Amino acid sequence: MRIQGLGVIEDALLELHPGFTVVTGETGAGKTMVVTGLHLLSGGRSEASKVRAGAAKASVEGRFEGLDAAGERATEIVTDAGADVDEDGSVIALRSVSADGRSRAHLGGRSVPVGVLGDLAEQLIAVHGQNDQLKLLRSAQQRAVLDRFAGDAVAAPLAEYRRVRRAWLEVLTELEERSSRSRELAQQADMLRHGLSEIEAVAPEPGEDVELTEQVKRLAAVDELREAASAASAAVSGAADGDPEMPGALGLLADARRRLSGVDDAVLRDLEPRLAEAATLLSDVGAELMTYLDGLEADPERLERILARQAELKKLTRKYAADVDGVLAWADDARTRLDGLDTSDEALAELAAKRDELAAELAGHADAVSKARRAAAADLAGRITAELAGLAMGQAEVELLVRPKEADAGDPHAVAVGGQRLHAGSEGVDEVELVLKAHAGAQSLPVHKAASGGELSRVMLAIEVVLAHADPVQTLVFDEVDAGVGGRAAVEIGKRLATLARTHQVLVVTHLPQVAAFADRHLVVDKGTADGVTRSGVTVLDPEHRVDELARMLAGLDDSEAGRAHAEELIGTADAYKRDRERERAKPAKKTAKKATETASTGQGKTSANTSGTTSGTTSDKSARAKAALSRKKADTGK
């Protein structure tokens, strides 16, 4: 990721490790700009105030790799936007914010709406900061965490619940409207029925007004039309009395054909068929003119009837629409509206029965959602508690309470579930509360009352570690979620993040050396001043300079020998932990090979192998305990 002109960062290139990358630096150096850059690249809100003073714009450019592994949805978002995925399965995203606040987004070389970057980032990145701890205090957020952990076990019945709830709410609204507005709706129904009666009495036909207008024109001008048609007929077919002085076009064409057919010239003879075609066409026109003249008669009575019919239609078009077709459309719409304005006792009873039927179905789906949540809550609470034990909160116990949300006396969205009257919200009928017992003698309290700032950070990290295994997002970003934590707990947080980095890409902004020591790559944000201008840059630390940075974080002095020694000890502890984790991951493959060998052995061979394995395991356990004790001793020196 490259950041330019953002806050105090003039130009910085961040090469993130596929595993655990940590970002450190002095307070005010610009560490948070790294997370701000990720927010912008993820379609977050842009602010002109974030643009570096004197810069025309701020821009953040990043390459998302492994797009195929992120799932079909990520690839669909890119292709639907018309962007191109590179041959290696990566795509480049760019976000820029000008000094006047205008924002632009590009994906795969194409200009796209900012929302597209947001949709893509949802599939690829999860950013967690101290604000997320505040969100965790809300019941709705705790319920979302539980549903996220439960996956399809809750998602499937919840989808059915929402589908039925939409239909139920529609019926409730309609029933309420018909009942409370019965007089008004009855008046509307009377007006609609009156209009329909008027239209049905006239019984207009589609396009009738246009057709009648043409007939009126014809009947009103019958003499002029007869004169024009007669003259045209004579010009085409000749005089009606056969006067040879007025042969008409057909006679002239016949004479021309006779003359050409009698000459001995190929060119002239070739013209005769074309004259024959013209004669055929004129003959058809002449016949149609004669038919028109035969039907053209003055009919004053018919004209009067048509004018009267036009007057009837005009009454309708003045009241209901501009033309007859519009009047017919109004009538169709009125019939549909009348069906919804029926306030009779029978109609209201039918709606009430439908409401009760949907309410019963809704209650069944709500109960299924609640049962799935309670089952998932017990599992999730157990896993979070286990994680907290590894985060220096060994006596802490977490419980997720799933309780029905009782409806108020006048709640219009109440439904009966299991004999209780509950509020049927969009997420079900449950309230979820995360409670914490900080130690054995403590009272179980809501997490925001039982946990200190540092404990709340660890609770959130434990939740994220548990959820990470089921989360399709491959990149996790933590912005100083270890605030308020120190000593041994900080070391344990570093271990958890290192473990998480085995399956996810992890980026952490921290001020704790115990956390930074576990990183696979260490980036430091440096701030300097030249010519009165403050600039920050990002540097990848080599092993020697990494020791200096950890010593600075530990003692505030990068040239302190005691600080350097402690930093080296921290790095050694972290490296040993990561090596142990790698060996543990490799054990299943070795055990499989060993089991295959034992199966092929004789019974005596099996006993020997089992005995040997037990001895080896005991020795390994002792070694692991010794290493754990050494790690604790080293960690305690960092308190």
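This one's a predicted model, so the numbers in the text were calculated from it and none came from an experiment.
Counting only N and O atoms by type, the side chains of Thr475 and His504 include no donor and acceptor under 3.5 Å apart. Judged purely by distance below 3.5 Å, without hydrogens or angles, the side chains of Glu549 and Thr24 pair a donor atom with an acceptor atom. Residues Arg95 and Ser103 have side chains that bring a donor and an acceptor to within less than 3.5 angstrom of each other. For the residue pair Ser90 and Arg63, a side-chain donor N or O sits within less than 3.5 Å of a side-chain acceptor on the partner. No side-chain N or O of Ser370 forms a donor-acceptor pair with one of Tyr161 less than 3.5 Å apart.
Looking at heavy atoms from C-beta onward, Thr539 lies out of side-chain contact with Leu523 at the 4.5 angstrom threshold. Side chains of Thr36 and Ile3 form no contact here, defined as non-hydrogen atoms less than 4.5 Å apart. By the 4.5 Å heavy-atom criterion applied to side chains, Val447 and Val435 are not counted as neighbours.
When every heavy atom of Ile9 is checked against every heavy atom of Ala12, the shortest pair comes out as CG2-CB, 3.6 Å.
The residue from Glu431, Arg373, Glu433 that alone fulfils the side chain to side chain contact (heavy atoms under 4.5 Å, CB included) condition with Arg143 is Arg373. Across Val477, Leu497, Leu14, a single residue satisfies side chain to side chain contact (heavy atoms under 4.5 Å, CB included) together with Leu507, and that is Val477. Arg581 pairs in a side chain to side chain contact (heavy atoms under 4.5 Å, CB included) with only one of the listed residues (Glu584, Arg579, Arg583), which is Glu584.
Electrostatic pairing of Arg383 and Asp379 counts as a salt bridge here, judged by a charged N lying under 4.0 Å from a carboxylate O. Between Arg110 and Asp84 no salt bridge is recorded (no basic side-chain N to carboxylate O distance below 4.0 Å). Using a 4.0 Å cut-off between charged side-chain N and carboxylate O, Arg502 and Glu582 make a salt bridge.
Between the Ser98 side chain and the Lys57 main chain, no donor and acceptor come within less than 3.5 Å of each other. In this structure, the side chain of Glu397 does not engage the main chain of His439 through any donor-acceptor pair within 3.5 Å. A distance-only check finds a donor-acceptor pair linking the side chain of Thr510 to the backbone of Leu512 [under 3.5 Å]. Under a 3.5 Å cut-off, the side chain of Gln4 and the backbone N or O of Ala58 do not form any donor-acceptor pair. No donor-acceptor distance shorter than 3.5 angstrom exists from the side chain of Arg403 to the backbone of Asp430, with no hydrogens or angles considered. Remark: the backbone N or O of Phe20 is paired with a side-chain donor or acceptor of Asp520 at under 3.5 angstrom.
Remark: Gln395 CD to Leu388 CG distance equals 12.5 Å, nearest 0.5 Å.
Heavy-atom contacts from other residues, nucleotides or ligands closer than 6.0 Å to CG of Asp152 number 12 or fewer.
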Derivation of the side-chain contact (heavy atoms from CB on, under 4.5 Å) call for Phe64 and Val78: CA-CA 11 Å; Phe64 294 105; Val78 176; over 6 Å; no

Dump the intermediate steps for side-chain contact (heavy atoms from CB on, under 4.5 Å) on Val97 and Glu47, then the final yes or no.
CA-CA 7 Å; Val97 182; Glu47 297 180 19; over 6 Å; no

